[in-house]
Amino acid sequence: MTEVINPATAAVFTSVPSNGVEETDAAIERAQRAFGSWRQVAPGDRARLLRRFAAVVDAHIDELADLEVRNSGHTIGNARWEAGNVRDVLDYYAGAPERLSGRQIPVAGGLDVTFHEPLGVVGIIVPWNFPMPIASWGFGPALAAGNTVVLKPAELTPLTAIRLGELALEAGLPEHVFTVLPGKGSVVGQRFVTHPAVRKICFTGSTPVGKSIMAGCAEQVKRVTLELGGKSANIVFADADLERAAAAAPASVFDNAGQDCCARSRLLIQDSAYDRFLALLEPAVKAFRVEDPALATAEMGPLISAGQRESVASYVGGADVAFTGTAPTGAGWWFPPTVLLARSTSDRHWREEVFGPVLSVLPFRDEAEAVRLANDTEYGLSGSIWTRDLGRALRVSRAVETGALSVNSHSSVRYWTPFGGMKQSGLGRELGPDAPQSFTETKTVFIADR
Ligand code: NAD
(Lines give C-alpha, C1' and ligand atoms only; values in the text may rest on other atoms or scores of the structure.)
Protein backbone atom coordinates (compact mmCIF):
# COMPACT_ATOMS: atom_id res chain seq x y z
CA MET A 1 0.00 0.00 0.00
CA THR A 2 1.08 3.59 -0.65
CA GLU A 3 0.04 6.37 1.72
CA VAL A 4 -1.65 9.38 0.15
CA ILE A 5 -0.82 12.76 1.71
CA ASN A 6 -2.68 16.06 1.56
CA PRO A 7 0.08 18.51 0.58
CA ALA A 8 -1.76 21.45 2.15
CA THR A 9 -1.64 19.84 5.62
CA ALA A 10 1.04 17.14 5.30
CA ALA A 11 -1.51 14.69 6.78
CA VAL A 12 -1.93 11.14 5.48
CA PHE A 13 -5.60 10.69 4.59
CA THR A 14 -5.82 7.39 2.76
CA SER A 15 -3.72 4.69 1.11
CA VAL A 16 -3.95 2.80 -2.16
CA PRO A 17 -2.62 -0.58 -3.27
CA SER A 18 0.67 -0.59 -5.08
CA ASN A 19 0.63 -3.12 -7.93
CA GLY A 20 3.55 -5.44 -8.56
CA VAL A 21 4.79 -7.07 -11.76
CA GLU A 22 2.42 -10.03 -11.44
CA GLU A 23 -0.70 -7.86 -11.14
CA THR A 24 0.55 -5.68 -13.98
CA ASP A 25 1.08 -8.67 -16.26
CA ALA A 26 -2.37 -10.01 -15.43
CA ALA A 27 -3.99 -6.63 -16.17
CA ILE A 28 -2.12 -6.28 -19.47
CA GLU A 29 -3.21 -9.77 -20.49
CA ARG A 30 -6.86 -8.98 -19.64
CA ALA A 31 -6.58 -5.74 -21.61
CA GLN A 32 -5.18 -7.67 -24.55
CA ARG A 33 -8.12 -10.08 -24.50
CA ALA A 34 -10.59 -7.19 -24.18
CA PHE A 35 -9.00 -5.58 -27.25
CA GLY A 36 -10.35 -8.36 -29.44
CA SER A 37 -13.94 -7.36 -28.81
CA TRP A 38 -13.43 -3.60 -28.20
CA ARG A 39 -11.96 -3.11 -31.68
CA GLN A 40 -15.07 -4.83 -33.10
CA VAL A 41 -17.53 -2.46 -31.41
CA ALA A 42 -19.26 -0.51 -34.20
CA PRO A 43 -17.84 3.01 -34.47
CA GLY A 44 -21.16 4.63 -33.59
CA ASP A 45 -21.48 2.48 -30.47
CA ARG A 46 -17.91 3.23 -29.39
CA ALA A 47 -18.68 6.92 -29.84
CA ARG A 48 -21.83 6.58 -27.74
CA LEU A 49 -19.91 4.85 -24.93
CA LEU A 50 -17.30 7.61 -24.87
CA ARG A 51 -20.05 10.25 -24.79
CA ARG A 52 -21.63 8.39 -21.88
CA PHE A 53 -18.26 8.30 -20.13
CA ALA A 54 -18.06 12.09 -20.64
CA ALA A 55 -21.56 12.52 -19.17
CA VAL A 56 -20.70 10.42 -16.10
CA VAL A 57 -17.52 12.47 -15.57
CA ASP A 58 -19.63 15.62 -15.90
CA ALA A 59 -21.96 14.37 -13.17
CA HIS A 60 -18.94 13.87 -10.87
CA ILE A 61 -17.01 17.10 -11.51
CA ASP A 62 -17.32 18.31 -7.93
CA GLU A 63 -16.32 14.97 -6.45
CA LEU A 64 -13.30 14.65 -8.75
CA ALA A 65 -12.28 18.25 -8.09
CA ASP A 66 -12.49 17.83 -4.29
CA LEU A 67 -10.38 14.69 -4.56
CA GLU A 68 -7.74 16.57 -6.57
CA VAL A 69 -7.65 19.44 -4.12
CA ARG A 70 -6.94 17.02 -1.28
CA ASN A 71 -4.53 14.75 -3.15
CA SER A 72 -2.61 17.30 -5.25
CA GLY A 73 -3.13 20.66 -3.52
CA HIS A 74 -4.61 22.13 -6.69
CA THR A 75 -6.84 25.14 -6.21
CA ILE A 76 -10.50 24.24 -6.38
CA GLY A 77 -10.93 26.52 -9.42
CA ASN A 78 -8.18 24.69 -11.29
CA ALA A 79 -9.36 21.25 -10.18
CA ARG A 80 -12.89 21.90 -11.48
CA TRP A 81 -11.41 23.03 -14.80
CA GLU A 82 -9.26 19.86 -14.92
CA ALA A 83 -12.22 17.52 -14.34
CA GLY A 84 -14.19 19.48 -16.96
CA ASN A 85 -11.27 19.09 -19.33
CA VAL A 86 -11.53 15.28 -19.04
CA ARG A 87 -15.23 15.49 -19.93
CA ASP A 88 -14.47 17.77 -22.90
CA VAL A 89 -11.63 15.56 -24.16
CA LEU A 90 -13.91 12.51 -24.08
CA ASP A 91 -16.69 14.39 -25.86
CA TYR A 92 -14.26 15.64 -28.51
CA TYR A 93 -12.69 12.24 -29.21
CA ALA A 94 -16.12 10.59 -29.19
CA GLY A 95 -16.31 12.15 -32.68
CA ALA A 96 -13.26 10.17 -33.80
CA PRO A 97 -14.45 6.54 -34.18
CA GLU A 98 -16.81 7.52 -37.00
CA ARG A 99 -14.18 9.65 -38.72
CA LEU A 100 -11.18 7.30 -38.72
CA SER A 101 -11.41 6.84 -42.46
CA GLY A 102 -8.53 5.75 -44.65
CA ARG A 103 -7.74 6.80 -48.22
CA GLN A 104 -8.06 5.29 -51.66
CA ILE A 105 -5.03 5.85 -53.85
CA PRO A 106 -5.11 4.90 -57.55
CA VAL A 107 -2.00 2.87 -58.48
CA ALA A 108 -0.93 1.04 -61.65
CA GLY A 109 -2.85 -2.23 -61.96
CA GLY A 110 -5.44 -1.47 -59.29
CA LEU A 111 -6.10 0.50 -56.19
CA ASP A 112 -4.49 0.99 -52.80
CA VAL A 113 -6.75 1.49 -49.82
CA THR A 114 -5.52 2.40 -46.35
CA PHE A 115 -6.97 1.47 -42.96
CA HIS A 116 -6.16 2.91 -39.53
CA GLU A 117 -5.87 -0.23 -37.43
CA PRO A 118 -5.82 0.13 -33.63
CA LEU A 119 -2.54 -0.92 -32.04
CA GLY A 120 -3.76 -3.13 -29.19
CA VAL A 121 -2.94 -2.34 -25.57
CA VAL A 122 -1.67 1.20 -25.00
CA GLY A 123 0.28 1.97 -21.81
CA ILE A 124 -0.16 5.49 -20.47
CA ILE A 125 2.23 6.80 -17.80
CA VAL A 126 1.25 10.04 -16.11
CA PRO A 127 3.08 12.55 -13.85
CA TRP A 128 1.71 14.07 -10.63
CA ASN A 129 1.31 17.66 -11.76
CA PHE A 130 -1.94 17.39 -13.76
CA PRO A 131 -3.23 13.90 -12.97
CA MET A 132 -6.62 14.16 -14.69
CA PRO A 133 -6.12 16.10 -17.94
CA ILE A 134 -2.84 14.43 -18.90
CA ALA A 135 -4.34 10.97 -18.40
CA SER A 136 -7.31 11.84 -20.60
CA TRP A 137 -5.15 13.31 -23.39
CA GLY A 138 -3.83 9.77 -23.75
CA PHE A 139 -6.84 7.57 -23.00
CA GLY A 140 -9.38 9.73 -24.92
CA PRO A 141 -7.84 9.34 -28.39
CA ALA A 142 -6.44 5.85 -27.63
CA LEU A 143 -9.86 4.42 -26.71
CA ALA A 144 -11.56 6.26 -29.58
CA ALA A 145 -9.17 4.59 -32.03
CA GLY A 146 -10.17 1.13 -30.73
CA ASN A 147 -7.30 0.39 -28.35
CA THR A 148 -7.56 -0.81 -24.78
CA VAL A 149 -5.65 1.16 -22.18
CA VAL A 150 -3.63 0.46 -19.06
CA LEU A 151 -2.93 3.65 -17.15
CA LYS A 152 -0.35 4.21 -14.43
CA PRO A 153 -0.93 7.34 -12.34
CA ALA A 154 1.96 8.94 -10.46
CA GLU A 155 2.71 7.45 -7.04
CA LEU A 156 1.84 10.73 -5.29
CA THR A 157 -1.49 11.39 -7.03
CA PRO A 158 -3.41 8.20 -7.83
CA LEU A 159 -6.90 9.06 -6.53
CA THR A 160 -8.62 10.83 -9.43
CA ALA A 161 -7.30 8.30 -11.96
CA ILE A 162 -8.63 5.42 -9.85
CA ARG A 163 -12.01 7.18 -9.69
CA LEU A 164 -12.01 7.77 -13.47
CA GLY A 165 -11.47 4.02 -13.93
CA GLU A 166 -14.59 3.36 -11.83
CA LEU A 167 -16.61 5.98 -13.71
CA ALA A 168 -15.69 4.37 -17.04
CA LEU A 169 -17.28 1.12 -15.86
CA GLU A 170 -20.31 3.00 -14.55
CA ALA A 171 -20.67 4.57 -18.02
CA GLY A 172 -20.79 1.10 -19.58
CA LEU A 173 -17.29 0.67 -21.00
CA PRO A 174 -16.65 -3.08 -21.06
CA GLU A 175 -14.41 -4.47 -18.32
CA HIS A 176 -10.64 -4.33 -18.94
CA VAL A 177 -10.94 -1.80 -21.77
CA PHE A 178 -9.63 0.90 -19.44
CA THR A 179 -7.61 -0.26 -16.41
CA VAL A 180 -5.97 1.99 -13.86
CA LEU A 181 -2.93 0.46 -12.17
CA PRO A 182 -1.40 2.48 -9.34
CA GLY A 183 2.15 1.52 -8.46
CA LYS A 184 5.78 2.47 -8.82
CA GLY A 185 7.22 3.79 -12.05
CA SER A 186 10.14 1.39 -11.79
CA VAL A 187 7.70 -1.55 -11.45
CA VAL A 188 4.35 -0.92 -13.20
CA GLY A 189 5.59 1.75 -15.64
CA GLN A 190 8.69 -0.23 -16.47
CA ARG A 191 6.59 -3.35 -17.12
CA PHE A 192 4.47 -1.41 -19.61
CA VAL A 193 7.71 -0.73 -21.47
CA THR A 194 9.00 -4.31 -21.39
CA HIS A 195 5.73 -6.24 -21.87
CA PRO A 196 5.46 -7.20 -25.56
CA ALA A 197 1.63 -6.94 -25.58
CA VAL A 198 1.83 -3.21 -24.85
CA ARG A 199 2.16 -1.72 -28.31
CA LYS A 200 2.59 1.94 -27.51
CA ILE A 201 3.78 3.98 -24.54
CA CYS A 202 2.36 7.39 -24.02
CA PHE A 203 4.63 8.98 -21.42
CA THR A 204 4.38 12.37 -19.78
CA GLY A 205 6.98 13.23 -17.17
CA SER A 206 10.57 14.30 -16.69
CA THR A 207 13.14 14.31 -19.47
CA PRO A 208 15.55 11.83 -17.77
CA VAL A 209 12.80 9.20 -17.25
CA GLY A 210 11.51 9.90 -20.78
CA LYS A 211 14.95 9.11 -22.20
CA SER A 212 15.12 5.79 -20.37
CA ILE A 213 11.62 4.89 -21.58
CA MET A 214 12.59 5.72 -25.14
CA ALA A 215 15.63 3.45 -24.84
CA GLY A 216 13.44 0.68 -23.39
CA CYS A 217 10.90 1.01 -26.19
CA ALA A 218 13.70 0.71 -28.76
CA GLU A 219 14.26 -2.90 -27.61
CA GLN A 220 10.89 -3.89 -29.08
CA VAL A 221 10.60 -1.09 -31.64
CA LYS A 222 7.63 0.01 -29.57
CA ARG A 223 5.86 3.21 -30.44
CA VAL A 224 6.34 5.99 -27.93
CA THR A 225 5.25 9.55 -27.42
CA LEU A 226 7.11 11.66 -24.89
CA GLU A 227 5.79 14.85 -23.33
CA LEU A 228 8.68 16.01 -21.16
CA GLY A 229 10.13 18.93 -19.23
CA GLY A 230 10.19 22.61 -20.09
CA LYS A 231 11.90 25.90 -19.31
CA SER A 232 9.80 28.28 -21.32
CA ALA A 233 10.52 31.92 -22.05
CA ASN A 234 8.12 34.80 -21.61
CA ILE A 235 9.53 37.50 -23.94
CA VAL A 236 8.34 41.05 -23.28
CA PHE A 237 9.24 43.69 -25.88
CA ALA A 238 9.23 47.36 -24.88
CA ASP A 239 6.39 48.11 -27.32
CA ALA A 240 4.04 45.61 -25.60
CA ASP A 241 1.04 46.47 -23.48
CA LEU A 242 3.22 46.27 -20.37
CA GLU A 243 0.29 46.48 -17.92
CA ARG A 244 -1.40 43.46 -19.51
CA ALA A 245 1.85 41.51 -19.79
CA ALA A 246 2.72 42.17 -16.14
CA ALA A 247 -0.79 41.26 -14.97
CA ALA A 248 -0.56 37.94 -16.84
CA ALA A 249 3.03 37.04 -15.88
CA PRO A 250 2.39 35.69 -12.34
CA ALA A 251 -0.21 33.12 -13.41
CA SER A 252 1.95 32.12 -16.38
CA VAL A 253 4.57 30.75 -13.98
CA PHE A 254 2.93 30.39 -10.54
CA ASP A 255 -0.24 28.59 -11.63
CA ASN A 256 -0.28 25.12 -10.04
CA ALA A 257 2.58 26.42 -7.83
CA GLY A 258 4.84 26.47 -10.89
CA GLN A 259 4.52 22.69 -11.25
CA ASP A 260 3.56 23.08 -14.87
CA CYS A 261 5.58 21.86 -17.83
CA CYS A 262 4.49 25.00 -19.73
CA ALA A 263 5.46 27.41 -16.92
CA ARG A 264 6.98 30.57 -18.36
CA SER A 265 9.79 30.41 -15.83
CA ARG A 266 12.29 32.56 -17.77
CA LEU A 267 11.19 36.17 -18.13
CA LEU A 268 13.07 38.10 -20.81
CA ILE A 269 12.41 41.85 -20.69
CA GLN A 270 13.67 44.34 -23.27
CA ASP A 271 16.16 46.57 -21.43
CA SER A 272 14.37 49.88 -22.15
CA ALA A 273 11.23 48.54 -20.39
CA TYR A 274 13.05 46.54 -17.69
CA ASP A 275 12.59 48.84 -14.66
CA ARG A 276 9.03 49.77 -15.56
CA PHE A 277 8.04 46.12 -16.08
CA LEU A 278 9.51 44.94 -12.77
CA ALA A 279 7.71 47.82 -11.02
CA LEU A 280 4.43 46.57 -12.50
CA LEU A 281 5.24 42.93 -11.77
CA GLU A 282 6.04 43.33 -8.07
CA PRO A 283 2.51 44.26 -6.87
CA ALA A 284 1.02 41.57 -9.14
CA VAL A 285 3.26 38.92 -7.54
CA LYS A 286 2.55 40.19 -4.02
CA ALA A 287 -1.20 40.09 -4.72
CA PHE A 288 -1.09 36.48 -5.96
CA ARG A 289 -3.22 34.61 -3.42
CA VAL A 290 -1.47 31.59 -1.96
CA GLU A 291 -3.81 29.94 0.51
CA ASP A 292 -5.86 26.85 1.38
CA PRO A 293 -6.55 25.47 -2.11
CA ALA A 294 -10.11 24.54 -1.13
CA LEU A 295 -10.97 28.26 -0.91
CA ALA A 296 -12.61 29.70 -4.02
CA THR A 297 -10.28 32.72 -3.85
CA ALA A 298 -7.05 30.66 -3.93
CA GLU A 299 -4.77 31.25 -6.93
CA MET A 300 -2.01 28.93 -5.75
CA GLY A 301 -1.78 26.04 -3.29
CA PRO A 302 1.19 24.16 -1.81
CA LEU A 303 3.90 22.19 -3.57
CA ILE A 304 3.25 18.49 -3.99
CA SER A 305 5.70 17.10 -1.41
CA ALA A 306 8.42 17.82 1.11
CA GLY A 307 11.00 16.62 -1.41
CA GLN A 308 9.69 19.01 -4.05
CA ARG A 309 9.86 21.92 -1.60
CA GLU A 310 13.43 21.06 -0.71
CA SER A 311 14.36 20.87 -4.38
CA VAL A 312 12.70 24.23 -5.18
CA ALA A 313 14.37 25.90 -2.18
CA SER A 314 17.77 24.73 -3.43
CA TYR A 315 17.41 27.05 -6.44
CA VAL A 316 16.66 30.13 -4.33
CA GLY A 317 19.44 29.85 -1.73
CA GLY A 318 22.32 32.12 -2.79
CA ALA A 319 20.41 33.66 -5.72
CA ASP A 320 19.51 37.37 -6.12
CA VAL A 321 15.91 37.62 -4.93
CA ALA A 322 14.09 40.60 -6.49
CA PHE A 323 10.88 40.13 -4.49
CA THR A 324 8.57 37.42 -3.22
CA GLY A 325 4.88 36.96 -2.56
CA THR A 326 3.49 35.40 0.57
CA ALA A 327 2.49 31.87 1.55
CA PRO A 328 0.97 30.27 4.65
CA THR A 329 3.36 28.98 7.28
CA GLY A 330 2.93 25.83 9.32
CA ALA A 331 1.92 22.39 8.14
CA GLY A 332 1.94 21.67 4.42
CA TRP A 333 4.48 22.12 1.64
CA TRP A 334 4.09 25.87 1.12
CA PHE A 335 6.47 28.05 -0.85
CA PRO A 336 5.96 31.73 -1.76
CA PRO A 337 6.04 32.98 -5.36
CA THR A 338 9.63 34.10 -5.84
CA VAL A 339 11.24 36.33 -8.49
CA LEU A 340 14.99 35.97 -9.03
CA LEU A 341 17.34 38.19 -11.03
CA ALA A 342 19.63 36.04 -13.16
CA ARG A 343 23.28 37.06 -13.06
CA SER A 344 23.95 35.23 -16.29
CA THR A 345 22.50 32.45 -18.42
CA SER A 346 24.66 29.96 -16.56
CA ASP A 347 22.71 30.44 -13.28
CA ARG A 348 21.21 27.10 -12.28
CA HIS A 349 17.76 28.61 -11.75
CA TRP A 350 17.90 30.08 -15.27
CA ARG A 351 18.95 26.81 -16.93
CA GLU A 352 17.13 24.03 -15.07
CA GLU A 353 13.44 23.21 -14.74
CA VAL A 354 12.70 24.27 -11.14
CA PHE A 355 9.10 23.00 -11.20
CA GLY A 356 8.07 25.39 -8.46
CA PRO A 357 6.92 29.02 -8.07
CA VAL A 358 10.23 30.57 -9.09
CA LEU A 359 10.62 33.08 -11.92
CA SER A 360 14.06 34.02 -13.31
CA VAL A 361 14.44 37.42 -14.97
CA LEU A 362 16.99 38.65 -17.52
CA PRO A 363 17.07 41.76 -19.75
CA PHE A 364 17.75 41.68 -23.51
CA ARG A 365 18.76 44.37 -26.03
CA ASP A 366 17.00 43.55 -29.28
CA GLU A 367 14.98 40.96 -31.16
CA ALA A 368 17.99 38.91 -32.21
CA GLU A 369 19.24 38.65 -28.64
CA ALA A 370 15.75 37.74 -27.36
CA VAL A 371 15.56 34.84 -29.81
CA ARG A 372 19.09 33.69 -29.00
CA LEU A 373 18.43 33.72 -25.24
CA ALA A 374 15.02 32.05 -25.60
CA ASN A 375 16.61 29.23 -27.63
CA ASP A 376 19.61 28.81 -25.33
CA THR A 377 18.09 25.79 -23.58
CA GLU A 378 17.79 22.05 -24.13
CA TYR A 379 14.01 22.39 -23.77
CA GLY A 380 11.38 23.66 -26.19
CA LEU A 381 7.86 23.18 -24.91
CA SER A 382 6.06 26.48 -24.61
CA GLY A 383 6.50 30.25 -24.34
CA SER A 384 4.97 33.68 -24.86
CA ILE A 385 5.78 36.81 -26.85
CA TRP A 386 4.39 40.20 -25.88
CA THR A 387 4.55 42.93 -28.54
CA ARG A 388 2.22 45.24 -30.47
CA ASP A 389 4.27 44.72 -33.67
CA LEU A 390 2.55 41.97 -35.68
CA GLY A 391 5.54 41.40 -37.96
CA ARG A 392 7.82 40.92 -34.97
CA ALA A 393 5.30 38.58 -33.35
CA LEU A 394 5.39 36.42 -36.48
CA ARG A 395 9.19 36.54 -36.90
CA VAL A 396 9.89 35.67 -33.28
CA SER A 397 7.20 32.95 -33.24
CA ARG A 398 8.89 31.29 -36.20
CA ALA A 399 12.38 31.67 -34.71
CA VAL A 400 11.75 30.37 -31.19
CA GLU A 401 12.29 26.60 -31.09
CA THR A 402 9.34 25.55 -29.04
CA GLY A 403 6.16 23.55 -29.63
CA ALA A 404 3.36 25.72 -28.23
CA LEU A 405 3.68 29.52 -28.28
CA SER A 406 1.27 32.30 -27.46
CA VAL A 407 1.32 35.94 -28.53
CA ASN A 408 0.01 38.53 -26.03
CA SER A 409 -1.34 35.66 -23.92
CA HIS A 410 0.01 32.79 -21.84
CA SER A 411 -2.47 30.19 -22.90
CA SER A 412 -0.88 26.98 -24.27
CA VAL A 413 -3.09 23.93 -24.29
CA ARG A 414 -6.32 23.22 -26.12
CA TYR A 415 -7.55 19.69 -26.70
CA TRP A 416 -8.53 20.50 -30.28
CA THR A 417 -5.06 21.72 -31.33
CA PRO A 418 -1.81 19.70 -31.39
CA PHE A 419 0.28 20.00 -28.23
CA GLY A 420 3.84 18.86 -27.69
CA GLY A 421 7.44 19.90 -27.39
CA MET A 422 10.57 20.30 -29.48
CA LYS A 423 14.17 19.36 -28.57
CA GLN A 424 14.34 17.58 -25.19
CA SER A 425 10.77 18.58 -24.33
CA GLY A 426 9.36 15.73 -26.27
CA LEU A 427 8.43 13.67 -29.21
CA GLY A 428 4.96 13.51 -30.66
CA ARG A 429 1.99 15.80 -30.67
CA GLU A 430 -0.79 14.75 -28.38
CA LEU A 431 -4.21 16.37 -28.76
CA GLY A 432 -5.74 17.91 -31.86
CA PRO A 433 -7.79 16.27 -34.59
CA ASP A 434 -5.02 13.85 -35.68
CA ALA A 435 -4.30 12.37 -32.24
CA PRO A 436 -6.44 9.22 -32.74
CA GLN A 437 -4.39 8.31 -35.85
CA SER A 438 -1.25 8.30 -33.72
CA PHE A 439 -2.84 5.42 -31.80
CA THR A 440 -3.18 3.37 -34.99
CA GLU A 441 -1.05 1.66 -37.61
CA THR A 442 -1.75 2.74 -41.16
CA LYS A 443 -2.21 -0.39 -43.22
CA THR A 444 -2.02 -0.27 -47.01
CA VAL A 445 -3.91 -2.88 -49.08
CA PHE A 446 -3.41 -3.21 -52.83
CA ILE A 447 -6.43 -4.49 -54.73
CA ALA A 448 -5.64 -5.66 -58.26
CA ASP A 449 -8.12 -4.60 -60.93
CA ARG A 450 -7.90 -7.93 -62.73
P1 NAD B 1 8.66 11.57 -13.52
O2 NAD B 1 9.36 11.42 -14.82
O3 NAD B 1 9.43 11.39 -12.28
O4 NAD B 1 7.44 10.55 -13.43
C5 NAD B 1 6.42 10.51 -14.41
C6 NAD B 1 5.75 9.15 -14.38
O7 NAD B 1 6.70 8.17 -14.80
C8 NAD B 1 5.28 8.71 -13.00
O9 NAD B 1 4.05 8.01 -13.12
C10 NAD B 1 6.39 7.75 -12.56
O11 NAD B 1 5.94 6.79 -11.65
C12 NAD B 1 6.76 7.11 -13.88
N13 NAD B 1 8.10 6.52 -13.91
C14 NAD B 1 9.19 6.85 -13.18
N15 NAD B 1 10.23 6.06 -13.49
C16 NAD B 1 9.81 5.20 -14.43
C17 NAD B 1 10.42 4.15 -15.17
N18 NAD B 1 11.70 3.82 -14.99
N19 NAD B 1 9.68 3.49 -16.10
C20 NAD B 1 8.41 3.82 -16.33
N21 NAD B 1 7.76 4.80 -15.64
C22 NAD B 1 8.45 5.49 -14.73
O23 NAD B 1 7.95 13.01 -13.59
P24 NAD B 1 7.13 13.76 -12.45
O25 NAD B 1 8.10 14.27 -11.44
O26 NAD B 1 5.99 12.91 -12.02
O27 NAD B 1 6.51 14.97 -13.29
C28 NAD B 1 7.15 16.17 -13.49
C29 NAD B 1 7.77 16.25 -14.89
O30 NAD B 1 6.78 16.01 -15.89
C31 NAD B 1 8.34 17.61 -15.19
O32 NAD B 1 9.60 17.47 -15.81
C33 NAD B 1 7.34 18.19 -16.17
O34 NAD B 1 7.85 19.20 -17.02
C35 NAD B 1 6.90 16.99 -16.92
N36 NAD B 1 5.61 17.23 -17.58
C37 NAD B 1 5.56 17.36 -18.95
C38 NAD B 1 4.35 17.64 -19.58
C39 NAD B 1 4.26 17.80 -21.08
O40 NAD B 1 3.15 17.72 -21.61
N41 NAD B 1 5.35 18.02 -21.77
C42 NAD B 1 3.20 17.75 -18.82
C43 NAD B 1 3.28 17.61 -17.44
C44 NAD B 1 4.49 17.33 -16.83
Side-chain angles (χ1 to χ4, degrees), residues 2 16 18-19 21 24 71-72 74 82 85 123-138 150-158 160-162 180-195 198 201-217 219 222 224-232 253 255-265 303-305 307-309 311-312 352-356 377-383 402-404 412-415 417-432 435:
T2 309
V16 299
S18 190
N19 288 285
V21 170
T24 306
N71 190 172
S72 308
H74 290 194
E82 290 158 22
N85 185 256
I124 300 177
I125 304 173
V126 177
W128 46 259
N129 65 329
F130 288 108
M132 283 190 277
I134 289 174
S136 72
W137 302 346
V150 287
L151 168 74
K152 196 202 86 64
E155 289 90 321
L156 294 169
T157 57
T160 47
I162 292 172
V180 178
L181 285 167
K184 285 190 172 167
S186 55
V187 178
V188 179
Q190 183 61 23
R191 190 60 187 136
F192 288 3
V193 174
T194 57
H195 199 300
V198 177
I201 297 290
C202 198
F203 172 81
T204 307
S206 61
T207 297
V209 175
K211 287 178 186 174
S212 78
I213 286 182
M214 189 174 182
C217 286
E219 286 294 313
K222 187 172 292 197
V224 59
T225 53
L226 302 171
E227 302 292 354
L228 310 175
K231 188 73 187 174
S232 299
V253 57
D255 187 55
N256 205 26
Q259 302 164 126
D260 181 342
C261 54
C262 291
R264 275 73 169 162
S265 53
L303 289 166
I304 189 68
S305 65
Q308 191 65 12
R309 186 167 70 171
S311 159
V312 171
E352 296 179 13
E353 184 183 46
V354 177
F355 228 54
T377 169
E378 68 199 25
Y379 295 114
L381 186 57
S382 191
T402 188
S412 307
V413 191
R414 283 164 202 81
Y415 54 82
T417 61
F419 172 70
M422 293 166 72
K423 302 198 280 186
Q424 294 193 32
S425 285
L427 193 67
R429 287 288 175 277
E430 253 117 54
L431 301 180

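Counting from 1, the numbers follow the sequence of the chain as shown. Note that ligands are numbered from 1 as they come in the structure, with each ligand's atoms numbered from 1 the same way. Side chains included, hydrogens not; waters and symmetry mates left out as well; all remaining heavy atoms used. Since the model is a prediction, treat every value here as computed from it, not as a measurement.
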| What are the two closest non-hydrogen atoms of Cys202 and Gly138, and how far apart are they? | SG-CA, 4.2 Å
| request: Using a strict cut-off of 4.0 Å, indicate which atoms of ligand 1 neighbour a heavy atom of Ile213. | output: 20 (C), 21 (N)
| query | Are any of the side-chain heavy atoms of Ile125 and Val209 separated by less than 4.5 Å? | reply | no
| query | Can you list the atoms of ligand 1 that are under 4.0 Å from a heavy atom of Trp128? | reply | 24 (P), 25 (O), 26 (O)
| message | For ligand 1, which is the ligand I care about here, please tell me if Leu228 has any N or O atom under 3.5 Å from one of the ligand's N or O atoms. | response | yes
| Heavy-atom side-chain contact between Phe203 and Val193 under 4.5 Å | no
| Numbered atoms of ligand 1 (with element) below 4.0 Å of Asn129, judged on heavy atoms | 43 (C), 44 (C)
| Any idea which atoms of ligand 1 are less than 4.0 Å away from a heavy-atom of Ile134? | 42 (C), 43 (C)
| task | Mind checking the CG-NE2 spacing from Asp255 to His74? Nearest 0.5 Å is all I need. | result | 9.0 Å
| message | Quick check on contacts: which atoms of ligand 1 are under 4.0 angstrom from a heavy atom of Leu381? | response | 41 (N)
| query | Under 3.5 Å between some N or O of ligand 1 and some N or O of Ser206? | reply | yes
| Nearest-0.5 Å distance, CE of residue Met132 to CG of residue Asn85 | 9.5 Å
| field | Ile125 neighbourhood, listing ligand 1 atoms whose heavy-atom distance to it stays under 4.0 Å | value | 6 (C), 7 (O), 9 (O), 12 (C), 20 (C), 21 (N)
| said: Would you say that Pro158 contacts Asn71 through its side chain, given a criterion of any heavy-atom pair below 4.5 Å between the two side chains? | reply: yes
| request: Using distance alone, determine whether Phe419 and ligand 1 share an N or O pair under 3.5 Å. | output: no
| Is it true that Phe192 lies under 4.0 Å from ligand 1, counting heavy atoms only? | no
| In terms of atom number and element, which parts of ligand 1 are under 4.0 angstrom from non-hydrogen atoms of Gly229? | 32 (O), 34 (O)
| message | Please report whether atom 4 (O) of ligand 1 has a protein non-hydrogen atom at a separation of less than 4.0 Å. | response | no
| query | What are the atoms of ligand 1, with element, lying closer than 4.0 Å to any heavy atom of Glu155? | reply | 10 (C), 11 (O)
| field | Least distance between heavy atoms, Lys231 atom then Thr377 atom | value | CB-OG1, 4.1 Å
| message | Ignoring hydrogens, what is the shortest heavy-atom contact between Glu227 and Gly421? Give both atom names and the distance. | response | OE1-N, 3.8 Å
| said: Glu353 versus ligand 1: do any nitrogen or oxygen atoms come within less than 3.5 Å of each other? | reply: yes
| query | What is the minimum heavy-atom distance between Val187 and Asn19, and which atoms define it? | reply | CG1-O, 3.9 Å
| message | When you compare ligand 1 with Thr207, is there at least one nitrogen or oxygen pair between them that comes in under 3.5 angstrom? | response | no
| task | Using distance alone, decide if ligand 1 has a nitrogen or oxygen within less than 3.5 Å of any nitrogen or oxygen in Ser212. | result | no
| task | Please indicate whether Met422 has more than 12 foreign heavy atoms, meaning atoms of other residues, nucleotides or ligands, lying under 6.0 Å from its CE. | result | yes
| query | Short question: side chain of Ser382, backbone of Ala404 - any donor-acceptor pair under 3.5 Å? | reply | yes
| Any N/O pair Val126/ligand 1 closer than 3.5 Å | yes
| task | Check Thr204 against ligand 1 and report side chain, backbone, both or neither, counting heavy atoms closer than 4.0 Å. | result | both
